[in-house]
There are 2 protein chains.
Amino acid sequence: MALRHAVMAALLEGEASGYDLAKRFDTATADFWTSTPQQLYRELERMEGEGLIRARVVEQERRPNKRVFSLTEEGRSALHAFTRRPAKPTAIRDDMLVKLQAVDAGDPEAVRTSVMERMERARAKLARYERIRERLLNGRSEEEYLRETDHVGPYLTLLRGRYFEEENLRWGDEVLSILDARAARRAPR
Amino acid sequence: MALRHAVMAALLEGEASGYDLAKRFDTATADFWTSTPQQLYRELERMEGEGLIRARVVEQERRPNKRVFSLTEEGRSALHAFTRRPAKPTAIRDDMLVKLQAVDAGDPEAVRTSVMERMERARAKLARYERIRERLLNGRSEEEYLRETDHVGPYLTLLRGRYFEEENLRWGDEVLSILDARAARRAPR
DNA sequence: ATATTCATGTAACAAGTTACATGATTAG
DNA sequence: CTAATCATGTAACTTGTTACATGAATAT
């Protein structure tokens with residue numbers, strides 16, 4: 001049931017269509033939650049039925065009409081209640097970790113390539129986060145921003161994303177150097 | 001389909017019962033994959049049916065009998081093939097991020113408490129990882145270990161766990177200080 | 001005494017993924 | 001002219017979670 005709360009949290013920043021949310025929750029770009037469009041459309045239906053959000057149809061000229069959702073009072077208070085509940089413990093769940101755990105019985109070259117692809121993605125995400133950060137700060141220093149804004153949530157989640165990707169890069173570097181050392185030992189020139 | 005690969009990767013280190021795997025994949029302790037016992041028992045059944053693993057019944061005296069699983073040749077080659085496939089992109093998916101995204105419309109005090117609990121868990125996990133590391137190194141330096149072992153997977157995943165929890169702590173510190181500064185401003189003594 | 005550990009499962013449900021479908025518009 | 005963007009969905013399937021159930025043994 002976290003998706004619905006993620007949707008409500010996203011709607012705090014203003015109304016959005018299913019399509020908008022799908023972009024925001026896309027794995028490649030998401031900064032605090034991910035989901036597929038299919039899951040979203042299904043969940044939005046339910047949430048509307050339960051009165052947590054409300055839809056407004058916006059007629060467009062050269063585009064299909066869209067349904068734009070916003071939080072209801074009920075949704076807002078459900079979200080408030082959610083922040084009071086204890087957070088579930090999380091752990092990383094990553095395909096890549098399974099591959100690495102099995103690297104000794106697997107194909108080290110292929111795994112190496114995956115790690116490098118991952119690092120490339122991490123760099124792209126960091127760049128993206130940096131752009132979002134600029135937009136948030138809007139010329140101000142971090143201190144100024146934090147003093148002035150009454151909307152600190154997006155900053156905190158962005159920070160987590162940044163740290164996470166930095167950690168990925170740090171780890172990737174070590175993994176590559178360890179795998180290389182082993183490859184060199186096994187197939188000495 | 002990653003659970004089955006995680007199971008196979010775990011079985012590389014020797015045979016295990018469903019119960020053993022359940023402990024290893026428990027969220028509180030897992031170092032490279034998580035799942036509930038229920039999911040495991042279901043998946044083990046299927047995997048046995050598909051010939052990826054094989055069960056051996058161990059009769060015990062003062063304990064219930066157990067079924068101990070090991071990798072078959074088929075399983076081993078499926079695992080090898082898995083390491084050759086590209087890794088799916090991942091992103092953090094964490095309840096806590098949703099709470100923080102919504103903290104401005106929520107209950108900052110409660111969120112603060114959750115963050116502190118998380119940090120406590122992170123410290124516990126770090127301590128646990130440290131113990132596992134000692135056991136792996138077994139008196140040797142990292143360099144020696146890496147030179148001597150032919151089983152580098154567990155070391156690499158452990159490293160990721162450590163970095164991840166360190167990142168959690170670093171982030172938690174920043175979050176707390178930002179939330180505190182805001183609380184002080186809103187309710188000046 | 002009580003809680004935890006060992007050891008396995010069933011059943012029902014919720015959440016997430018994949019494949020498919022439609023159809024106009026605009027950017028390269 | 002092709003790909004991407006805008007905008008929505010249905011259907012089928014796979015994963016993951018929660019609740020319940022059993023029953024002995026050992027640790028506190």
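In what follows, chains are A, B, ... by sequence order, proteins preceding strands, each numbered from 1.
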**Student:** Determine whether A:Leu21 and A:Tyr19 fall in the same hydrophobic cluster, where Ile, Leu, Val, Met, Phe, Trp and Tyr are linked whenever their side-chain heavy atoms lie under 4.5 Å apart.
**Tutor:** no
**Student:** Drop me the distance from A:Glu167's CD to A:Ile92's CD1, to the nearest 0.5 angstrom.
**Tutor:** 6.0 Å
**Student:** Name the residue closer to the 5' end of DNA chain C, choosing between A:Arg4 and B:Pro64 according to the nucleotide with the nearest heavy atom.
**Tutor:** B:Pro64
**Student:** Mind checking which nucleotides bracket the chain B contacts on DNA chain D, 5' to 3', with an atom under 4.0 Å from a heavy atom?
**Tutor:** D:dT14 to D:dT26
**Student:** Can you see if the side chain of A:Arg63 gets near the phosphate of C:dG23 - specifically, an N or O under 4.0 Å from OP1 or OP2?
**Tutor:** no
**Student:** Ignoring hydrogens, what is the shortest heavy-atom contact between A:Lys66 and A:Ser17? Give both atom names and the distance.
**Tutor:** CD-CB, 4.3 Å
**Student:** Would you kindly give the CZ-to-P distance between A:Arg93 and C:dA15, to the nearest whole Å?
**Tutor:** 15 Å
**Student:** Given atom OH of A:Tyr19 and atom C1' of C:dA24, what is their separation to the nearest angstrom?
**Tutor:** 13 Å
**Student:** What is the separation between atom CG on B:Leu21 and atom P on C:dT5, rounded to the nearest whole Å?
**Tutor:** 18 Å
**Student:** What is the distance from NZ of A:Lys66 to P of C:dT25, rounded to the nearest Å?
**Tutor:** 16 Å
**Student:** For a salt bridge (Lys or Arg N to Asp or Glu O under 4.0 Å) check, start with the C-alpha distance between B:Glu165 and B:Arg128, then their side-chain angles and the critical distance, and finish with the verdict.
**Tutor:** CA-CA 11 Å; B:Glu165 297 304 343; B:Arg128 192 176 167 271; over 6 Å; no
**Student:** With a 4.0 Å heavy-atom cut-off, tell me which residues in residues 24-53 of chain B come close to DNA chain C, sorted by residue number.
**Tutor:** B:Gln38, B:Tyr41
**Student:** What class does the angle between the rings of B:Phe25 and B:Phe32 fall in, given that below 30° is parallel, 30 to 60° is tilted and above 60° is perpendicular?
**Tutor:** perpendicular
**Student:** Is the number of heavy atoms from other residues, nucleotides or ligands under 6.0 Å of B:Arg76 CZ greater than 12?
**Tutor:** no
**Student:** Is it true that A:Lys125 and A:Asp31 make a salt bridge, defined as a side-chain N closer than 4.0 Å to a carboxylate O?
**Tutor:** no
**Student:** Which word best sums up how the rings of B:Phe164 and A:Phe164 line up, parallel for under 30°, tilted for 30 to 60°, or perpendicular for over 60°?
**Tutor:** perpendicular
